[in-house]
Amino acid sequence: MSDSLEVKELDHVVVRFSGDSGDGMQLAGNIFSTVSATVGNDICTFPDYPADIRAPQGSLTGVSGFQVHIGAGKVFTPGDKCDVLVAMNAAALKTQYKFAKSTACIIIDTDAFGEKDLEKAAFTTQDPIAELGIKNDVIAAPITQMVKDCLADTGMDNKAVLKCRNMFALGLVCWLFNRDLNIAFTMLREKFAKKPELAEANVKVIQAGYDYGANTHSSVAHTYKIESKTKVPGKYMDIMGNKATAYGFIAAAEKAGMRLFLGSYPITPATDVLHELSKHKSLGVTTVQCEDEIAGCASSVGAAFAGALAVTSTSGPGVCLKSEAMNLAVITELPLVILDVQRGGPSTGLPTKSEQTDLLQALFGRNGESPMPVIAATSPVNCFDSAFYACKMAVEHMTPVVLLTDAFVANGSGAFRLPDLNEYPAIVPPYAPAEMKGSYTPYTRNEETLARYWAVPGSEGYTHILGGLEKDGRTGAISTDPDNHDKMCRIRAEKVARIPVPDVEVQGCVEDAELLIVGFGGTYGHLHSAMESMNAEGKKVALAHFTYLNPLPANAESVLKKYKKVVVAEQNLGQFAAYLRMKIDGFAPYQYNEVKGQPFVVSELVEAFTEIYNK
Amino acid sequence: MCEYTAKDYKKGQPRWCPGCGDHFFLASLHKAMAELGVAPHDIAVISGIGCSSRLPYYMNTYAMQTIHGRAAAIATGCKVANPNLSVWQISGDGDGLAIGGNHFIHAVRRNVDLNMILLNNRIYGLTKGQYSPTSPRGFVSKSSPYGTVEDPFRPAELCFGARGRFFARAVATDATGTVEILKAAAQHKGASVCEILQNCVIFNNGTHDSVATKEGRAKNAIYLRHGEPMIFGENNEYGLMQEGFGLKVVKLGENGVTEKDILVHDAHCQDNTLHLKLALMEGPDFPIALGVIRDVEAPTYNDAVHEQIEDVKAKKPYHNFTELLYTNDIWEVK
């Protein structure tokens, strides 16, 4: 039993599961995350998929990883490097070792390190541990053989047996962290409710993995325990960013009393939003998988015209194609949310990787004067609120809104405290009032918001035409009058400028920071961790992280000008910095830019910010 | 049901060139709508860009003139979001078949209940005279001064290739024929493609000359009506018969041919082989087919979408957001 082994208490720990893309690493990682979250730890996860659907088995390009950061208190990122690395084959060890700390414990399946496996992973010797110069603790277990032995009497075929290897690794990791296996068992029994024999096989293998650790003490000096320190009571679920976005749309439609319509076309990494919404027809959600990106957006404009809460989902290359129809929503002033799950570009770029390189495209990438609100989600869980408020903004201000997430946020997950919709504000579409019946013109506006009043086809007494041609601001008829066009451009811009957005919050050393870190969207966790880490070293650093990019919060200028030094850190070559310089006269920040397709590394941020801090 | 007249659907003063085929078509559309009796506020007319796509501005209905080529996609979203609307898509040959070709075939394939009007003048008018995807090979225009070196689309072929269930044709100057097919299109459940042979007086005058006048149509066209023999000619002296894999024109009374030998039109036949042959007929050897060439029932996309929603509603236990949340693995932190 493990009670004879020392149990070390940790504040936080990073575990990385890696193996061949068919090895079920995502499932093992997900279960471990949920087990940890269930006991009240905070979690932040990041899956790292290969771009190929099924790369050759055992190859370097076919390695799939799943990293989870577990904390006694709050965790903001999936962690830079891991404390435990599970490598289910030779290729995984080779490609993933670089993500392991020098102190990390490495778990390998020795049965997947045969001559052929080593060859596929391009090892040149028969001793991969020595070849990579690994000095860490290594739990080298014959996992495949033990799984086979464990399931020998179940009558399962070899292929099915091998699919359970991930559960052995999971069991071993659960032992290492003194996790309650019952939570995992319940999850598996629910997941495989229709195949109870498969559930029981998985349960058996997890237990075997756990027992193996307990019986042999493996080759570790101690096991670990992570207590929960900052529990916020409530009911929770684990949620990925794309799912949270889809849930935000559903919640907004319900709150607005409107029917949700999604026009979309499959594109990585946004497709899961289409998948998720397509499941929920019982909530009246309509999804149309269109013939192309253009039709995805165009059909949504048509649905908005017909009165739906219209959404179109895509990634950067899709936005290029949608921009013409987005502009139609600008000039017709129809509500529409365009979700851009950013990935590496330009062109097809790095489809499965994450960047923030679509910011200027979202803000400015259309012909003509085309003002459009832009909101950027800061974390997987924050995708819910961002999607909700994007819908609210679109509907109440009669405008298309771009919601930016990114591959990191979309595929990452976090513990999501179940929202109570009663605590969310109402969404009130500016429907044309009854007194306009018979005299309605489509560009009559609310004087305060400048949003036009909305009449939906099917209502008697409100027939009208909308169109892509400039129109007279009063009658709605086509107009090429120079003064009218000038006026309309200004009204559309002013309408967006008047949208109220919350102030940007300053965190950390609010009053006396020497350095203000500025970021937007999905880098929040990393920038926050970098700030915390510098604060812990006694450096006076603050963070202003933006969700609302257009319009900018009213306090943006005062915040950005308040501190001696400012660094804008973003995963592009300086788009947000350029935008802020354009918006705020005399703003001259330092910049930290990276376009690697990978999340920021906190230690690298700290190093770079410290250099600026010390200047 | 209210009684409507053509005037109830009319708005504004059209700005097309005098003599343009679009004027004729617009009048027929107003008339057809009045005869159909659908309330103006239950109609959405959606167009793309081009001369003919100005049409929604002259409709006293809900309307949207959109962007080039996308009318079919926008109309699809509109119809799916509100299936109670009668949705009309107005496109020219450039809008519908060039830049909008993809949306055209997919709207037809999905069988969205749209009335898809294709005003075919075989030219780009609004950009002042370039060849279009329906211009014949060798066509001389500003962008093809030495003649085009490409074959045109034949709209019916494209429609049938996309599994089209309804295809009809009329000449814009023929009000009776146009009103008839527009009404049939509206009554057909599904994507109804109506090819309107329309003249551009400025850039392609006379492109449909052989059938532009009543006399011309008597000589060079055949009106197809479901259940009626395919007889045509100034004195109804000709008919169509099947010969081998093809059709042939015969003269009644010659070589012992009587009316009994003449093909009887079956617009409802599932097999589209003969419909296609009829739709592709052209002079001088064959008459141009007018009227409803194909009209076959099939499930519509918009109905299927909503039926599926109702089915799933009946089967799934969650019907609001909070219930949806509880379909997930939930844990409680106390």
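Below, chain A is the first sequence line, B the second, and so on; all start at residue 1.
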For [X], is it the side chain, the backbone, both, or neither that has a heavy atom closer than 4.5 Å to a heavy atom of chain B?
{"X": "A/Phe261", "result": "side chain"}
{"X": "A/Pro419", "result": "both"}
{"X": "A/Asp238", "result": "both"}
{"X": "A/Tyr462", "result": "both"}
{"X": "A/Ala37", "result": "both"}
{"X": "A/Lys243", "result": "side chain"}
{"X": "A/Ser300", "result": "neither"}
{"X": "A/Thr287", "result": "backbone"}
{"X": "A/Leu466", "result": "both"}
{"X": "A/Ala304", "result": "neither"}
{"X": "A/Val39", "result": "neither"}

Report which part of [X] has an atom under 4.5 Å of a heavy atom belonging to chain A: side chain, backbone, both, or neither.
{"X": "B/Tyr57", "answer": "both"}
{"X": "B/Leu85", "answer": "side chain"}
{"X": "B/Thr61", "answer": "backbone"}
{"X": "B/Ala44", "answer": "side chain"}

Quiz prompt | side-chain contact (heavy atoms from CB on, under 4.5 Å) between A/Val232 and B/Val333, worked out | solution = CA-CA 7 Å; A/Val232 179; B/Val333 175; over 6 Å; no
Out of [options], return the one with the most heavy atom pairs under 4.5 angstrom to chain A.
{"options": "B/His103, B/Arg109, B/Glu332", "value": "B/His103"}
{"options": "B/Ala73, B/Ala107, B/Ala81", "value": "B/Ala73"}
{"options": "B/His68, B/His106, B/Lys316", "value": "B/His106"}
{"options": "B/His306, B/Arg110, B/Lys11, B/Gln308", "value": "B/Arg110"}

Do other residues, nucleotides or ligands put more than 12 heavy atoms under 6.0 Å from [X] [atom1]?
{"X": "B/Tyr9", "atom1": "OH", "value": "yes"}
{"X": "A/Lys235", "atom1": "NZ", "value": "no"}
{"X": "A/Lys281", "atom1": "NZ", "value": "yes"}

Top contributor to chain B interface from [options] [non-hydrogen pairs under 4.5 Å]:
{"options": "A/Ile183, A/Ile294, A/Asn327, A/Ile239", "value": "A/Ile294"}
{"options": "A/Glu190, A/Glu324, A/Lys191, A/Lys255", "value": "A/Glu324"}
{"options": "A/Gly302, A/Ser282, A/Ser299", "value": "A/Ser282"}
{"options": "A/Gly458, A/Pro457, A/Ala455", "value": "A/Pro457"}
{"options": "A/Cys290, A/Ala308, A/Gly263", "value": "A/Cys290"}
{"options": "A/Met237, A/Glu291, A/Met187", "value": "A/Glu291"}

Is the shortest side-chain heavy-atom distance between [X] and [Y] below 4.5 Å?
{"X": "B/Ile309", "Y": "A/Arg259", "result": "yes"}
{"X": "B/Asn328", "Y": "A/Tyr247", "result": "yes"}
{"X": "A/Val301", "Y": "B/Thr66", "result": "no"}
{"X": "A/Leu469", "Y": "B/Arg54", "result": "yes"}

Quiz prompt | Main-chain N/O of B/Phe321 paired with A/Glu254 side-chain donor or acceptor, under 3.5 Å | solution = yes
Working to the nearest 0.5 Å, report the span between [atom1] of [X] and [atom2] of [Y].
{"X": "A/Lys471", "Y": "B/Gln65", "atom1": "NZ", "atom2": "CD", "result": "10.0 Å"}
{"X": "A/Thr34", "Y": "B/Asp329", "atom1": "OG1", "atom2": "CG", "result": "7.0 Å"}
{"X": "A/Leu328", "Y": "B/Ile74", "atom1": "CG", "atom2": "CD1", "result": "5.0 Å"}
{"X": "A/Asn422", "Y": "B/Thr322", "atom1": "CG", "atom2": "OG1", "result": "7.5 Å"}

Exercise. Evaluate the ring planes of A/His464 and B/Tyr62, with Trp represented by its six-membered ring, and classify them as parallel (under 30°), tilted (30 to 60°) or perpendicular (over 60°).
Key: perpendicular
Where do [X] and [Y] come nearest, in terms of heavy atoms and distance?
{"X": "A/Phe305", "Y": "B/Cys78", "answer": "CD2-SG, 4.1 Å"}
{"X": "A/Lys279", "Y": "B/Tyr318", "answer": "O-OH, 3.7 Å"}
{"X": "A/Thr332", "Y": "B/Met64", "answer": "CG2-SD, 4.2 Å"}

